[in-house]
Each structure stands twice: as C-alpha cells, then as structure tokens.
**Student:** 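Quick one: the structure is below, questions incoming.
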Amino acid sequence: MKILLAGGAGYIGSHTAVELAQKGHEIIIVDNYSNSSKKVIDRIEKIISRPLEVFEADIKDKESMQPIMKETKPDCIIHLAGLKAVGESIENPVEYYRNNIDTTLTLLECMKESSVKRIVFSSSATVYGEENPIPYVETMKKGNCSNPYGWTKYMMEQILEDAACADKELSVVILRYFNPIGAHISGEIGEDPQGVPNNLMPYIAQTAVGRREHLTIFGNDYPTKDGTCRRDYIHVMDLANGHLKAVEYAENNKGFDVFNLGTGEPYSVLEMINAFEKASGVKIKYEFGNRRAGDLPEYWADSKKAQEILGWKAVRTIEDMCRDTWNWQKNNPVGYA
Ligand code: NAD
Ligand code: WQD
C-alpha cells in the first residue's frame with residue numbers, strides 16, 4: 001500500500017515509517033520540520049535500506065498539499081502532524097487551534113479532491129478528560145479536557161467523525177495513544193524534544209546523559225501507592241505496529257472507529273526512574289517538587305478493543321522501553337543536532 005505520513009518526520013511518525021516500510025509498504029513523508037530534524041530522513045533510510053519519498057510542506061497550506069496528493073495518490077493517510085506540548089498550548093491556544101485543526105481540514109479537503117478514502121489519526125488519551133473512571137474505554141464520554149491541546153484532539157475527532165458520516169466511502173480510524181516512550185532498537189531514531197523536555201522519559205534520559213542536572217518529580221502526595229503519578233507507558237514500536245494494524249483495518253472497513261493503544265499496566269514516576277536506572281546502570285538525580293497543574297493521579301488504557309478487532313497487543317516491556325531509550329540517548333547525547 002502507498003501510505004502518506006503527514007508529520008512523518010516526528011517522533012512517532014519516524015518509527016511508524018520504519019515499521020510500515022519493513023512490512024513492504026511504500027512510504028511518503030510530508031513534514032515542515034517545525035518540531036523535527038531533516039536528519040531523521042537519512043536515519044530512517046539507513047534502517048530500511050531504501051530511499052523514501054519526502055516533501056517539505058506546511059500541511060495546513062492547501063496550495064502546497066494539493067499537488068502532493070495529486071502526484072503521489074496515496075491509498076491511505078496517517079495524520080500525525082500537530083503541535084503537542086500541553087503547557088505551550090495554554091500559552092498559545094490560537095496557534096494550537098490554527099495548526100492542529102487546519103492541518104486536519106486541509107488533509108480532508110485534499111483527500112476529497114484526490115479521492116483518497118482512508119485516514120488514520122493520532123489522537124490521545126487526553127480526550128478522556130478529567131472525570132472518567134479508570135481504565136479508559138473507547139465508549140466513555142469525551143471532553144472536560146484540561147488544556148487547549150486536548151481540546152484540539154477532541155475537536156479533530158469530531159471533524160473526522162462528521163466527515164465519515166457524510167461520506168460513506170470514507171474509512172476513519174482514530175488511535176488514542178497513551179504515553180509513548182522508547183526508541184527503535186537500532187538507536188538510530190528516537191525522541192528528540194526541542195529545548196527542555198516536557199515529558200518524563202526524555203527528561204530522565206537527558207539527566208542520565210548529563211544534559212540536565214536533575215529531574216524534578218511533580219508531586220509525591222498523590223493518592224497512589226508511592227505518592228507519584230501513574231501512567232500507561234507504551235513502547236513507540238508497539239505503537240508503530242498499531243498503525244500497521246489500523247491501516248490494514250481501514251483497507252477493509254469503511255466508517256468511523258476508535259481504538260485505545262496502551263499496555264493497560266501503569267507505572268509510577270518512581271518506578272520509571274528505578275527501571276531506567278536498572279536498564280542504564282546510571283543513577284538519576286531527582287528531587288520532589290510541586291504538583292504540575294492539570295496532572296491526574298493515574299490512568300491507563302483498556303485496549304481490549306484493539307486486541308479483538310485489530311489483532312493488536314503491546315508486547316514490549318518497561319525494561320525494553322528503558323533499554324531502547326537509553327541506547328538512543330547514549331548514542332545521540334544531543335539528539336539529531
Ligand atoms: P512530533 O512533534 O515529534 O511529530 C509531529 C510532526 O508534525 C513533527 O515532525 C512536526 O514538524 C510536524 N508538523 C507539525 N505541524 C505541521 C504542519 N503544519 N505541517 C507539516 N508538518 C507539521 O510529535 P509526536 O510525538 O511524533 O506526535 C505525533 C502525533 O501524535 C501528534 O499529533 C501528537 O499530538 C500525537 N500524540 C503524541 C503523543 C506523545 O506523547 N508523543 C501522545 C498522544 C498523541
Ligand atoms: C508523566 C508523569 C508527570 C516530567 C502527556 C500529555 C498527554 C500525552 C502524553 C499527547 C506525570 C511526571 C513529568 C517531569 C515529572 N501527549 N513528570 N517530572 O502528562 O502523562 O501526558 O504526554 O497527547 O496528552 O499530557 O506525560 O511524560 O509529561 O508525565 O514528575 O519533569 O511524569 O507529573 O505524572 P503526561 P508526561
């Protein structure tokens with residue numbers, strides 16, 4: 001199948017490109033590198049041992065996207081392009097709504113004009129908001145998001161659902177990721193956030209490699225077993241495999257569907273530090289700080305639906321996630337720079 005990865009140079013897109021290419025699919029990457037490096041492309045090509053078709057473009061710009069879609073005629077789009085920093089979305093909400101919603105609208109318009117009928121969308125556990133019981137199940141009510149980033153995902157899911165309702169030939173698969181971490185086993189590609197990392201795993205990895213002095217744990221007075229928050233961390237290559245299954249599902253099923261992609265097994269911040277120390281042999285300096293606004297004590301996925309319908313299950317352990325993160329970080333102490 002010919003698959004266009006919108007935002008394919010990013011963290012999840014690059015790993016998904018490898019997974020799909022190694023399963024024989026033809027990959028097209030479109031990215032404006034607003035949150036990624038062009039060097040990613042060489043690394044992916046090195047892993048898969050063949051060249052990729054790559055376009056540098058702003059996906060919200062229809063003038064740029066239309067000719068790409070017409071020229072490449074993909075069978076399926078995977079829409080990963082978006083801004084994703086929660087704190088930044090609170091400071092610059094308009095930029096987040098503009099970029100995230102417009103990329104989606106432009107892709108849908110270009111799909112219609114080029115008769116592309118399948119789209120897989122990167123959504124997030126964040127759409128479950130703040131009031132649902134755990135574990136999260138796809139049938140639960142969405143909304144009550146704590147930040148504009150979360151609302152963009154909520155709105156984009158609605159836009160995609162309406163599009164599928166209007167065009168019965170369309171296949172829309174929504175993937176709600178939990179907490180993706182880890183890296184490709186080769187150590188060639190991995191997570192390389194710009195500036196100070198917002199997320200736990202890259203912060204731990206950069207502390208281990210000496211780029212950060214110490215980690216601050218955001219709160220140790222939560223009602224959890226060790227007082228720190230618990231999350232459902234999932235290996236990025238398991239997530240990449242989820243995209244493969246979603247693309248195959250979209251080929252054979254029309255309509256709108258939603259799947260959680262998580263392991264169903266939460267780990268606390270202290271457990272993550274411990275697991276990383278074991279995998280790397282490096283002691284992580286940390287101190288306890290205040291809670292971070294908007295953080296929930298704990299949540300994890302019920303991913304039975306993905307298992308039953310997509311035939312997908314996360315198979316990599318927390319040890320694999322920490323080992324592969326460390327392998328990437330120690331081989332690339334300053335990321336792709
Ligand atoms: P990322 O920032 O590494 O990748 C996103 C890519 O999209 C980047 O390469 C960026 O340059 C590109 N991009 C953004 N706006 C663009 C535009 N207008 N035109 C062209 N390219 C554009 O992020 P990621 O972690 O790989 O996440 C991929 C998707 O998954 C995002 O939509 C994100 O919201 C979603 N998601 C991520 C996580 C996570 O924790 N990483 C969790 C849930 C959902
Ligand atoms: C994990 C835990 C922090 C950094 C975010 C988004 C979510 C989704 C995934 C996109 C929390 C703690 C973190 C640090 C810490 N992204 N922590 N010190 O917040 O669960 O989810 O990424 O859709 O929408 O909100 O992930 O990695 O930021 O935090 O103590 O320096 O680590 O408090 O408990 P989070 P995270």
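All values below come from the heavy atoms of this structure, side chains included, with hydrogens, waters and symmetry mates left out. Remember, predicted model here, so these are calculated numbers, not experimental data. Atoms within a ligand are numbered from 1 in the order they appear, just like the ligands themselves.
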**Student:** Of all the heavy-atom pairs spanning A164 and V172, show the shortest one and how long it is.
**Tutor:**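 Smallest interatomic distance, heavy atoms only, reads CB-CG2, 3.8 Å.
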**Student:** Kindly give the heavy-atom pair with the smallest separation between G129 and Y136, and that separation in Å.
**Tutor:** O-OH, 3.8 Å
**Student:** Taking both backbone and side-chain atoms of R231, is any N or O found less than 3.5 Å from an N or O belonging to ligand 2?
**Tutor:** yes
**Student:** Which option wins on minimum heavy-atom distance to atom 34 (O) of ligand 2: S123, G294, C229?
**Tutor:**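 Checking each option, the heavy atom nearest atom 34 (O) of ligand 2 is found in C229.
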**Student:** Tell me whether L215 has any N or O atom under 3.5 angstrom from an N or O of ligand 2.
**Tutor:**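 In fact, backbone or side chain, L215 has no N or O that close.
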**Student:** What is the closest protein heavy atom to atom 43 (C) of ligand 1, and at what distance does it sit?
**Tutor:**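 Among all protein heavy atoms, the one nearest atom 43 (C) of ligand 1 is Y177 CD1, 3.5 Å.
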**Student:** Can a side-chain donor-acceptor contact be found between E88 and Y96 if the only test is distance below 3.5 angstrom?
**Tutor:** yes
**Student:** Which heavy atom of the protein is the closest neighbour of atom 27 (O) of ligand 2, given with residue, atom name and distance?
**Tutor:** L200 N, 2.8 Å
**Student:** Of all the non-hydrogen atoms in the protein, which one sits nearest to atom 37 (C) of ligand 1, and at what distance?
**Tutor:**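 Heavy-atom neighbour on the protein nearest atom 37 (C) of ligand 1: I12 CD1, 3.7 Å.
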**Student:** Under a 4.0 Å N-O cut-off, is there an ion pair linking E19 with K23?
**Tutor:** yes
**Student:** Out of all atoms in ligand 1, which are within 4.0 Å of some heavy atom of D58? Include the element for each.
**Tutor:**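 Numbered from 1, ligand 1 contributes 17 (C), 18 (N), 19 (N).
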**Student:** Could you list the atoms of ligand 2 found under 4.0 angstrom from a heavy atom of T126?
**Tutor:**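 Near T126, the atoms of ligand 2 are 24 (O).
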**Student:** Between the side chains of K46 and E188, is the shortest nitrogen-to-carboxylate-oxygen separation below 4.0 Å, so that they form an ion pair?
**Tutor:** yes
**Student:** Closer than 4.0 angstrom, basic N to acidic O: yes or no for E271 and R230?
**Tutor:** no
**Student:** Looking at non-hydrogen atoms alone, which of D31, I29, I234 comes nearest to atom 8 (C) of ligand 1?
**Tutor:**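 Closest candidate by heavy-atom distance is D31.
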**Student:** So for ligand 2, is D295 a polar contact partner (N or O within less than 3.5 Å, distance only)?
**Tutor:** yes
**Student:** How far is atom 12 (C) of ligand 2 from its nearest protein heavy atom, and which residue and atom name does that atom have?
**Tutor:**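 For atom 12 (C) of ligand 2, the nearest protein heavy atom is V269 CG2, 3.8 Å.
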**Student:** Test of understanding: given a 4.0 Å heavy-atom threshold, classify the contact between V86 and ligand 2 as side chain, backbone, both, or neither.
**Tutor:**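 For V86, the contact with ligand 2 is made by the side chain alone.
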**Student:** Could you tell me which atoms of ligand 1, counted from 1 in the order shown, lie closer than 4.0 angstrom to a heavy atom of S122?
**Tutor:**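 Answer, ordered by atom number: 29 (C), 30 (O), 32 (O), 35 (C).
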**Student:** Who gets closest to atom 4 (C) of ligand 2 by heavy atom: Y267, F218, Y203?
**Tutor:**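 It is F218 that holds the nearest heavy atom.
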**Student:** With a cut-off of 4.0 Å, which atoms of ligand 2 are near a heavy atom of I217?
**Tutor:** 30 (O)
**Student:** Does the residue F288 have a heavy-atom contact with ligand 2, meaning some pair of atoms that are separated by less than 4.0 Å?
**Tutor:** no
**Student:** For F218 versus Y222, what's the shortest heavy-atom pair and its separation?
**Tutor:** O-CE1, 3.5 Å
**Student:** Out of G7, S14, G82, whose heavy atom is nearest to atom 14 (C) of ligand 1?
**Tutor:** G82
**Student:** What protein heavy atom sits nearest atom 19 (O) of ligand 2, and how far away is it?
**Tutor:**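 The protein heavy atom lying closest is R292 NH2, 2.8 Å.
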**Student:** Atom 19 (N) of ligand 1: which protein heavy atom is closest, and how many Å away?
**Tutor:**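 Minimum-distance protein heavy atom for atom 19 (N) of ligand 1 reads I59 N, 2.9 Å.
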**Student:** Would you mind listing which atoms of ligand 1 come within a distance below 4.0 Å of any non-hydrogen atom of S36?
**Tutor:**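 Selected atoms, number and element: 8 (C), 9 (O), 11 (O).
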**Student:** Taking the minimum heavy-atom distance to atom 22 (O) of ligand 2, which of V127, N199, D232, L270 ranks first?
**Tutor:**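 It is N199 that holds the nearest heavy atom.
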**Student:** Identify the protein heavy atom lying closest to atom 3 (O) of ligand 1, giving its residue, its atom name and the separation to 0.1 Å.
**Tutor:**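 The closest one turns out to be Y11 N, 2.8 Å.
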**Student:** Would you kindly say whether Y128 and N260 are connected by a side-chain donor-acceptor distance under 3.5 Å?
**Tutor:**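 Short answer, yes.
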**Student:** For the 3.5 Å polar cut-off, considering only N or O atoms, please tell me whether E191 and ligand 1 meet it.
**Tutor:**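 N/O-N/O distance under 3.5 Å: no.
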**Student:** Looking only at protein heavy atoms, which one is nearest to atom 24 (P) of ligand 1, and how far off is it?
**Tutor:**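 Ranking protein heavy atoms by distance from atom 24 (P) of ligand 1, first comes K84 NZ, 3.8 Å.
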**Student:** Starting from atom 29 (C) of ligand 1, find the nearest protein heavy-atom neighbour and note its residue, name and distance.
**Tutor:** L80 O, 3.2 Å
**Student:** Go through ligand 2 atom by atom and flag the ones less than 4.0 Å from a non-hydrogen atom of N198.
**Tutor:**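 Selected atoms, number and element: 4 (C), 28 (O).
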**Student:** N/O of L83 under 3.5 Å from N/O of ligand 1, yes or no?
**Tutor:** no
**Student:** Mind checking whether R176 has a heavy atom under 4.0 Å from ligand 1?
**Tutor:**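 Contact absent.
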**Student:** Quick one: look up the protein heavy atom nearest atom 7 (C) of ligand 2 and list residue, atom name and how far away it is.
**Tutor:**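 For this ligand atom, the closest protein heavy atom is S124 OG, 4.2 Å.
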**Student:** Quick one: do the N199 and R231 side chains pair a donor with an acceptor below 3.5 Å?
**Tutor:** no
**Student:** Could you tell me whether H79 approaches ligand 1 through its side chain, its backbone, both or neither, with non-hydrogen atoms closer than 4.0 Å?
**Tutor:**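 It is neither part, as no heavy atom is under 4.0 Å.
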**Student:** So for ligand 1, is F178 a polar contact partner (N or O within less than 3.5 Å, distance only)?
**Tutor:**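 N/O-N/O distance below 3.5 Å does not exist for this pair.
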**Student:** Any salt bridge linking D31 with K38? Criterion: basic side-chain nitrogen under 4.0 Å from a carboxylate oxygen.
**Tutor:**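 A salt bridge is absent here (no side-chain N lies under 4.0 Å from a carboxylate O).
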**Student:** Within less than 4.0 angstrom of ligand 2, does Y299 place any heavy atom?
**Tutor:**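 Yes, Y299 has heavy atoms under 4.0 Å from ligand 2.
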**Student:** What about N99: any of its N or O atoms under 3.5 Å from an N or O on ligand 1?
**Tutor:**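 Between N99 and ligand 1 (N or O atoms, distance only) the closest approach is under 3.5 Å.
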**Student:** Hey, is A125 touching ligand 1 through its side chain, its backbone, both or neither, going by heavy atoms under 4.0 Å?
**Tutor:** neither
**Student:** With heavy atoms of Y33 as the reference, note each atom of ligand 1 found under 4.0 Å away.
**Tutor:**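 The list of qualifying atoms is 11 (O).
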**Student:** Starting from atom 40 (O) of ligand 1, locate the nearest protein heavy atom and write down its residue, its atom name and how far away it is, to 0.1 Å.
**Tutor:** P180 CD, 3.3 Å
**Student:** Just jot down the ligand 2 atoms closer than 4.0 angstrom to any heavy atom of Y233, in number order.
**Tutor:**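 Counting from 1, the qualifying ligand atoms are 1 (C), 2 (C).
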**Student:** Taking atom types as modelled, find out whether Q158 and D162 have a side-chain donor-acceptor pair closer than 3.5 angstrom.
**Tutor:**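 Yes, D162 and Q158 have a side-chain donor paired with an acceptor closer than 3.5 Å.
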**Student:** Is there a donor in the side chain of Y233 and an acceptor in the side chain of T263, or the other way round, less than 3.5 Å apart?
**Tutor:**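 Not at all, the side chains of Y233 and T263 share no donor-acceptor pair under 3.5 Å.
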**Student:** Find all atoms of ligand 1 within a distance of less than 4.0 Å from any non-hydrogen atom belonging to S123, and give their numbers and elements.
**Tutor:**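 Near S123, meaning under 4.0 Å from one of its heavy atoms, ligand 1 has 43 (C), 44 (C).
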**Student:** With backbone taken as N, CA, C and O and side chain as the heavy atoms from C-beta onward, which portion of N32 lies under 4.0 Å from ligand 1: side chain, backbone, both, or neither?
**Tutor:** both
**Student:** Does a salt bridge link R323 with D320, judged by any charged N lying under 4.0 Å from a carboxylate O?
**Tutor:** yes
**Student:** What part of Y286, side chain, backbone, both or neither, has a heavy atom within less than 4.0 angstrom of ligand 2?
**Tutor:** neither
**Student:** Looking only at protein heavy atoms, which one is nearest to atom 18 (N) of ligand 2, and how far off is it?
**Tutor:** T216 O, 2.8 Å
**Student:** Does any donor atom in the side chain of T224 or E298 lie under 3.5 Å from an acceptor atom in the other side chain?
**Tutor:** no
**Student:** So which protein heavy atom does atom 34 (O) of ligand 1 come closest to, and at what separation?
**Tutor:**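 Protein heavy atom with the smallest distance to atom 34 (O) of ligand 1: Y149 OH, 2.6 Å.
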**Student:** Heavy-atom distances under 4.0 Å decide this one: backbone, side chain, both or neither, for N179 against ligand 2?
**Tutor:** side chain
**Student:** Start with the C-alpha distance between E157 and R176, add both sets of side-chain angles, then the distance that settles salt bridge (charged side-chain N to carboxylate O under 4.0 Å, His left out), and finish with yes or no.
**Tutor:** CA-CA 10 Å; E157 285 197 4; R176 291 186 185 150; 2.7 Å; yes
**Student:** With a heavy-atom distance limit of 4.0 Å, tell me whether Y149 approaches ligand 2 through its side chain, its backbone, both, or neither.
**Tutor:** side chain
